[in-house]
Amino acid sequence: MKITFLGTGTSQGVPVIGCGCKVCISADVRDKRLRSSVLVEQGELRVVIDTGPDFRQQMLRCGCSKLNAVLFTHEHRDHISGLDDIRAFNYIQKSPMDVYGEERVMRALNSSFPYVFAEKKYPGIPQVRMHTITTDAFQIGEMEVIPIRMMHYRLPVLGFRLGDFAYLTDGNYIPEAEKEKLFGVKHLVVNALRRETHISHFTLSEAVSLIEELSPRMGYLTHISHQMGVYAELEKELPSRIRSAYDGLVLEL
Ligand SMILES: [Zn+2]
Ligand SMILES: [Zn+2]
């Protein structure tokens, strides 16, 4: 399995124009974060988790010219708003895109992209094949997907475990019973927004404690706000088996 971090940033706390802080003016490419998403490749299968506003740029940047499915964690804009650009894959692959999400997320996609779901469709619009999921495991081809319930303040969202890899973005609480689904995972990604407390995201220390509790071989942080500070300084503070992910980081599992 190959994982590519397409984006490791957030819309939270990021000004549209650089605020002039150390991160905004950093020359380190690891401080340039697009909105959070990962590409998962297993054999011939290619799946992305979330399609945020940077989706098109992310697909171009990593040279991804084939995509089989999109998994949605939740319906916040920084995770869904790039869905329109799956039309390029429809055009090349001559088939609808398989899209997986919970029922509430499906309703949100419906109201956010009404033209995609209209009875009389305008030519060239994105084509999707919708699959409503729950917290039960399911298959995409050869890939087993285990959804993990997380709470994002009051919003129930999903993380996903795919074999030895798990991705938990946008949340700050995982029910104990759901943690069992993560036992034995070797590579665990957890959202860590910033150092200060936040209503709906893990802080740096909360993310580190969750990773230490679940004890994967390696833990990675994502959905990082510029309030976290620069990459080089953050890396120095982290325990040896935890790294800050950055855009373009590739894991070969
Ligand atoms: Zn969110
Ligand atoms: Zn988010």
Side-chain angles (χ1 to χ4, degrees), residues 3-16 19 23 31-40 47-59 70-86 99-113 133 135 147-161 165-175 178 188-204 206-207 210-211 219-229 231 234 244-249:
I3 308 294
T4 305
F5 285 86
L6 301 172
T8 54
T10 169
S11 300
Q12 180 72 41
V14 177
V16 174
C19 68
V23 178
D31 286 317
K32 310 292 176 207
R33 301 181 190 276
L34 299 181
R35 264 59 66 92
S36 291
S37 173
V38 282
L39 173 67
V40 182
V47 174
V48 287
I49 303 182
D50 295 328
T51 58
D54 306 312
F55 174 65
R56 178 174 179 276
Q57 186 184 351
Q58 290 165 330
M59 292 290 95
V70 178
L71 293 175
F72 281 114
T73 57
H74 67 305
E75 66 272 40
H76 282 164
R77 286 282 147 178
D78 56 327
H79 296 259
I80 68 165
S81 66
L83 182 66
D84 185 80
D85 285 317
I86 57 121
V99 172
Y100 297 80
E102 290 190 272
E103 197 181 339
R104 188 199 68 242
V105 176
M106 294 306 194
R107 282 200 302 273
L109 293 174
N110 229 289
S111 55
S112 301
F113 302 92
I133 57 172
T135 51
I148 293 136
R149 169 65 71 224
M150 293 176 77
M151 293 305 292
H152 189 26
Y153 183 46
R154 290 186 183 153
L155 187 72
V157 304
L158 291 179
F160 295 107
R161 178 171 182 170
F165 172 77
Y167 183 76
L168 307 174
T169 194
D170 289 45
N172 57 356
Y173 175 74
I174 304 178
E178 291 293 294
L188 174 64
V189 184
V190 175
N191 75 115
L193 190 75
R194 60 186 192 190
R195 291 153 207 277
E196 301 78 27
T197 309
H198 190 270
I199 194 168
S200 64
H201 288 276
F202 285 126
T203 62
L204 175 59
E206 288 165 348
L210 176 68
I211 293 169
Y220 303 87
L221 309 178
T222 193
H223 209 287
I224 295 168
S225 157
H226 74 157
Q227 293 162 332
M228 187 73 95
Y231 181 92
L234 174 59
S244 167
Y246 55 86
D247 290 23
L249 174 65

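Values reported hereafter were calculated over all heavy atoms of this structure, with side chains retained and with hydrogens, waters and symmetry mates removed. This one's a predicted model, so the numbers in the text were calculated from it and none came from an experiment. Atoms within a ligand are numbered from 1 in the order they appear, just like the ligands themselves.
Between D170 and L155, the closest side-chain pair of non-hydrogen atoms is not below 4.5 Å.
Heavy-atom minimum distance, V99 versus L109: CG1-CD1, 4.1 Å. Of all heavy-atom pairs spanning S36 and D50, the tightest one is O-CB, 4.3 Å.
Remark: the backbone N or O of P156 is paired with a side-chain donor or acceptor of R104 at under 3.5 angstrom.
For the Zn ion (ligand 2), the set of nearby N, O or S atoms under 2.8 Å includes one belonging to H79. The Zn ion (ligand 2) has no N, O or S atom of H74 under 2.8 Å away, backbone or side chain. Here H152 reaches the Zn ion (ligand 1): one of its N/O/S atoms is less than 2.8 Å from the metal.
Looking at H76, its N, O or S atom nearest to the Zn ion (ligand 1) turns out to be ND1. In terms of distance to the Zn ion (ligand 1), the nearest N, O or S atom of D170 is named OD2.
Rounded to 10°, the angle that NE2 of H223 and OD2 of D78 form at the Zn ion (ligand 2) is 100°.
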query: Do H223 and N191 pass the side-chain hydrogen bond (donor to acceptor under 3.5 Å, both in side chains) test, and can you show the C-alpha distance, the side-chain angles, and the key distance before you say yes or no?
result: CA-CA 5 Å; H223 209 287; N191 75 115; 5.4 Å; no

